[in-house]
Amino acid sequence: MATTHKTRMLIIGSGPAGLTAAIYGARAGMQPIVVQGLQPGGQLTITTDVENYPGFRDVIQGPWLMQEMQAQAEHVGTRMLWDTITDIDLDGSPFRATGDSGDVYEGDVLVIATGAQARWLGVPGEQELSGKGVSACATCDGFFYRGKKVVVIGGGNTAVEEALYLTNHASEVVLIHRRDTLRSEKILQDRLFAHPKISVLWNKAVDRFVGGDKGLTGVALIDTVTGEQSEVSTDGAFVAIGHAPSTELFRGKLELDAAGYVVVEPGTPKTGIPGVFACGDVMDHTYRQAVTAAGTGCMAALDAERFLAHRDFAAGQ
């Protein structure tokens, strides 16, 4: 039998943004409910070594970090519920979400923390070698390739920025692009072509990632013009073909930008609907880091608390 769960603060998503919002919301007495979704813990649960989250001198494991965040959220009064939201009503507070289970979740405020997923190529070896040489985040994993050769796959701003960033660590960076021109901004292209560590392979598509138990050893390529096959040896491969925010649920109900990210008031997590807030990668297509996601989760909870306090005060007048 379906159940209706009511709360002052409803949070959809359980990555660093959602759980940080829950921690702050619970400490403010809002007794938040977190609906965890298809990937409890977010992208960090499929990340192994984490070396850039503040507070840990040694490398930590992504799944462990998210377990600790969840335990902290629960310790201060958060209810964690495992369900996948399939429908949402944003017409007014309380906001109403319906889960795949049939349960209904009502919140006086709503915090959207559904995150984003890296776009992958979908070729053989990609999934098997993920975390073993294949990555979608140079900022996260570039440090592990100090003095090594890496390749970056893509041709837009993301790919060029990743390639330039990786020159801080790698001895050689090869950009692989399936066309003969880049789609990135000209200023980024100028920096790329001028950098002595970077070379470009044009008209090349990745056929498969090559490696075994010890990790990635190379990338098999197909020439998009001639069909010729070749292979590039490498220690690391970074897929940089963009990210897809998890916002299908909100399409037509909340303002999204051209790439599908939730539009917020600049410098805040406030959406165009009073009482609805967005935090983490679902609204951030620039930084996409666990620490920035956590920061915007904190902001969402603080703004949600102020929203409710103002509303409750006005209702009492």
Side-chain angles (χ1 to χ4, degrees), residues 1-46 63 66-117 244-254 256 260 262 269 271-283 293-294 296-297 300-301 303-305 307-308 311-312:
M1 183 176 178
T3 303
T4 297
H5 308 270
K6 297 184 178 183
T7 177
R8 294 277 277 170
M9 174 188 279
L10 176 60
I11 302 169
I12 304 176
S14 56
L19 291 178
T20 303
I23 291 166
Y24 275 80
R27 295 186 74 251
M30 289 188 281
Q31 299 178 320
I33 287 176
V34 173
V35 182
Q36 298 187 69
L38 288 173
Q39 190 178 61
Q43 294 183 74
L44 273 183
T45 58
I46 57 172
M66 297 318 302
Q67 289 171 10
E68 291 298 299
M69 281 193 188
Q70 178 176 329
Q72 183 179 4
E74 290 177 313
H75 177 72
V76 291
T78 300
R79 293 175 60 198
M80 305 292 300
L81 297 177
W82 196 317
D83 203 350
T84 301
I85 300 302
T86 57
D87 191 30
I88 192 84
D89 182 354
L90 303 180
D91 286 342
S93 180
F95 303 102
R96 184 181 176 93
T98 304
D100 184 61
S101 66
D103 283 5
V104 173
Y105 306 87
E106 293 184 353
D108 293 337
V109 292
L110 174 66
V111 175
I112 299 169
T114 48
Q117 302 293 326
S246 301
T247 53
E248 281 301 316
L249 183 65
F250 308 101
R251 194 168 299 279
K253 301 179 180 180
L254 194 62
L256 308 177
V262 176
T271 73
I273 299 176
V276 177
F277 306 88
C279 55
D281 288 8
V282 77
M283 47 73 79
T296 57
D303 280 345
E305 180 187 3
F307 172 85
L308 288 176
R311 191 192 70 170
D312 292 350

Minimal non-hydrogen separation, [X] against [Y], with atom names:
X	Y	answer
Gly260	Arg251	CA-NH2, 4.4 Å
Val262	Ala278	CG1-CB, 3.7 Å
Pro32	Thr7	CA-OG1, 3.7 Å
Ser246	Gln117	OG-CG, 4.3 Å
Ala304	Val109	CB-CG2, 3.9 Å
Thr78	Ala26	OG1-CB, 3.7 Å

Polar side-chain atom of [X] near backbone of [Y] as donor-acceptor pair, under 3.5 Å:
X	Y	value
Ser93	Asp108	yes
Thr296	Gly280	yes
Lys253	Leu90	no
Asp100	Asp83	no

Distance in Å, [X] [atom1] paired with [Y] [atom2], rounded so as to fall on 0.5 Å steps:
X	Y	atom1	atom2	result
Thr98	Glu106	OG1	CD	9.0 Å
Leu110	Leu254	CG	CG	9.0 Å
Met66	Met69	CE	CE	5.0 Å
Glu68	Leu19	CD	CG	11.5 Å
Ile112	Phe277	CD1	CZ	10.5 Å
Ile23	His75	CD1	NE2	10.5 Å

Describe, in one word, how the ring planes of His5 and Tyr105 are oriented to each other, choosing from parallel (under 30°), tilted (30 to 60°) and perpendicular (over 60°). parallel
Note, Pro94 side chain near Lys6 side chain (heavy atom, < 4.5 Å):
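No, side chains not in contact.
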Subject >> Check: Arg79 and Gln31 side chains under 4.5 Å, non-hydrogen atoms >> reply: no
field: Flag if over 12 foreign heavy atoms under 6.0 Å of CZ, Phe95
entry: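 Yes, enclosed.
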Stepwise side chain to side chain contact (heavy atoms under 4.5 Å, CB included) test for Phe250 and Thr271:
CA-CA 12 Å; Phe250 308 101; Thr271 73; over 6 Å; no
